[in-house]
Amino acid sequence: MGTTAYEHWIRDFEAARRERAERGDPEWRTGVPLHPAIRRSVQRFQVGEDGDGAELITKAEAAGDAEYASAVRMFVAEERNHARLLALLLASGGAPVIASHWSDRVFVTLRRALGLRLELLVLMIAEVVALRYYRALRDGADDALTREVAGRILADEERHVPFHCHRLRRALRPLPPPVRVLVTSGWRAALAAVALVVAVDHGPALRRLGVGRGRFVAEVVRSSGPVAATMR
């Protein structure tokens with residue numbers, strides 16, 4: 001019997017879930033107060049991770065592929081776990097979560113207004129930016145707890161990007177090649193604009209993490225080339 005389109009993704013998500021259960025949470029009592037710039041930055045990313053994902057699940061179910069819908073539900077569960085980890089990280093440093101942030105409101109509004117294919121393109125902008133952000137947090141944070149939480153989230157995001165690329169490649173396949181190039185080029189341009197906004201908004205934290213605004217934007221844009229090629 002052949003492997004279905006999303007069977008191996010479901011296996012990956014299930015394996016990651018089992019590993020999380022066996023590994024357990026970080027040792028939260030080892031937390032130290034976060035630097036104010038890092039705290040504000042993590043609070044904003046925590047809001048972005050804290051969406052309920054119901055709209056994406058509904059669209060995935062409407063697409064008519066039960067295995068894809070199942071994989072999307074597993075993806076949403078991992079995103080919710082990211083929000084939980086970041087909330088506990090903030091709490092370990094004596095910081096609260098925040099109710100909302102303008103950047104998250106913009107992304108949510110755009111995603112909910114679009115069909116599945118365009119919602120995934122918008123979601124992929126956030127995912128590719130998150131890859132660079134969590135790598136910076138893992139490598140540049142002052143304390144071991146923050147580095148561990150960032151590393152766990154980064155490992156998940158490194159699986160999420162190929163998962164969404166797989167779906168987008170299938171979704172874009174019916175389009176003529178020039179249109180696919182136009183779509184992915186537009187996606188890269190939008191990603192560059194978002195990376196610039198994130199760099200400005202999180203600039204103090206990025207400097208603290210040893211990255212800096214210009215380097216952050218340049219590395220996000222550079223990483224988008226292979227992603228766009230995979231989607232095409």
Side-chain angles (χ1 to χ4, degrees), residues 32-51 79 82-83 85-86 89-90 93 95 98 100-111 120-162 164-165 168 181-232:
V32 296
L34 298 169
H35 184 276
I38 304 297
R39 183 191 69 238
R40 288 190 294 269
S41 179
V42 170
Q43 285 172 323
R44 294 167 191 174
F45 264 82
Q46 194 277 336
V47 169
E49 299 278 11
D50 201 26
E79 292 291 298
H82 297 173
L85 290 173
L86 292 175
L89 173 63
L90 289 166
I98 58 177
S100 65
H101 188 256
W102 67 266
S103 59
D104 181 61
R105 291 195 296 272
V106 169
F107 264 98
V108 169
T109 299
L110 283 174
R111 287 173 55 187
L120 288 177
L121 286 168
V122 174
L123 176 60
M124 277 288 285
I125 290 174
E127 294 285 285
V128 173
V129 168
L131 280 177
R132 186 62 190 96
Y133 175 79
Y134 288 119
R135 187 174 297 115
L137 192 62
R138 181 198 63 186
D139 296 343
D142 294 330
D143 66 285
L145 179 60
T146 301
R147 293 195 297 271
E148 181 180 355
V149 170
R152 291 188 183 205
I153 296 175
L154 178 62
D156 288 341
E157 298 291 2
E158 287 174 338
R159 290 184 298 101
H160 293 174
V161 168
H164 295 308
C165 277
L168 282 166
V181 171
L182 183 63
V183 168
T184 54
S185 297
W187 175 81
R188 291 192 71 192
L191 172 63
V194 170
L196 181 60
V197 171
V198 171
V200 171
D201 196 31
H202 296 259
L206 293 173
R207 284 195 299 272
R208 179 77 185 180
L209 296 171
V211 178
R213 290 186 173 102
R215 179 181 165 191
F216 180 84
V217 174
E219 292 183 358
V220 169
V221 171
R222 186 161 58 246
S223 72
S224 71
V227 175
T230 300
M231 287 192 289
R232 283 197 297 271

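Below, each value reflects all heavy atoms present in this structure, side chains not excepted, and no hydrogens, waters or symmetry copies. All values derive from a computational prediction rather than experimental measurement.
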Discussion item. Taking the basic N atoms (NZ, or NE/NH1/NH2) and the acidic carboxylate oxygens, is any pair closer than 4.0 Å for E127 and R159?
Written reply: no
Discussion item. Using every non-hydrogen atom in the two residues, find where Q43 and A95 come nearest and quote the distance to one decimal.
Written reply: NE2-CB, 4.4 Å
Discussion item. Would the distance check show the side chain of S224 and the main-chain N or O of V221 forming a donor-acceptor pair, the cut-off being under 3.5 Å?
Written reply: yes
Worksheet item: Under 6.0 Å between ring centres, would you say that holds for F216 and H202?
Response: no
Discussion item. Any side-chain to backbone donor/acceptor pair from R215 onto G210? Under 3.5 Å, distance only.
Written reply: yes
Worksheet entry | Validation row: V42, L137 side chains within 4.5 angstrom (heavy atoms) | yes
Item to complete: Tell me yes or no: between the side chains of H35 and D142, is some donor less than 3.5 Å from an acceptor?
Response: no
Discussion item. Please check this pair: side chain of Q46 against backbone of A83, looking for a donor-acceptor N/O pair closer than 3.5 Å.
Written reply: yes
Discussion item. Between H164 and M231, is there a side-chain heavy-atom distance shorter than 4.5 Å?
Written reply: no
Item to complete: Report yes or no: does R213 contribute a side-chain atom to a donor-acceptor pair with the main-chain N or O of A199 at less than 3.5 Å?
Response: yes
Discussion item. Salt bridge or not between D139 and R147? Use side-chain N to carboxylate O under 4.0 Å.
Written reply: no
Discussion item. If I take atom CG from residue L206 and atom CZ from residue R132, how far apart are they, to the nearest 0.5 angstrom?
Written reply: 8.5 Å
Worksheet item: What are the two closest heavy atoms between S223 and V128, and how far apart are they?
Response: OG-CG1, 3.6 Å
Response to the item:
So CG of D156 and CG of L131: to nearest 0.5 Å the spacing works out to 11.0 Å
Worksheet entry | Donor-acceptor contact present, side-chain W187 to main-chain L121, <3.5 Å | yes
Discussion item. I need the R232 CZ to L182 CG distance, nearest 0.5 Å.
Written reply: 11.0 Å
Practice prompt. Specify the closest pair of heavy atoms between A136 and V211, including all atoms of both residues, with the distance to one decimal.
Written response: CB-CG2, 3.5 Å
Practice prompt. Decide whether E79 and H160 meet the rule of one side-chain donor and one side-chain acceptor closer than 3.5 Å.
Written response: yes
Worksheet item: Roughly how far, to the nearest 0.5 Å, is the CG atom of L89 from the CZ atom of R39?
Response: 12.0 Å
Worksheet item: With distance as the sole test, does T146 use its side chain to make a donor-acceptor pair with the main-chain N or O of D143 at under 3.5 Å?
Response: no
Discussion item. I need the L209 CG to R135 CZ distance, nearest 0.5 Å.
Written reply: 13.0 Å
Worksheet item: Would you say E157 and I153 make side-chain contact, with heavy atoms under 4.5 Å?
Response: yes
Worksheet item: Taking S41 for the side chain and A37 for the main chain, is one N or O donor matched with an acceptor at less than 3.5 Å?
Response: no
Fill in: Distance, nearest 0.5 Å, that separates CG of L90 from CD1 of I38
11.5 Å
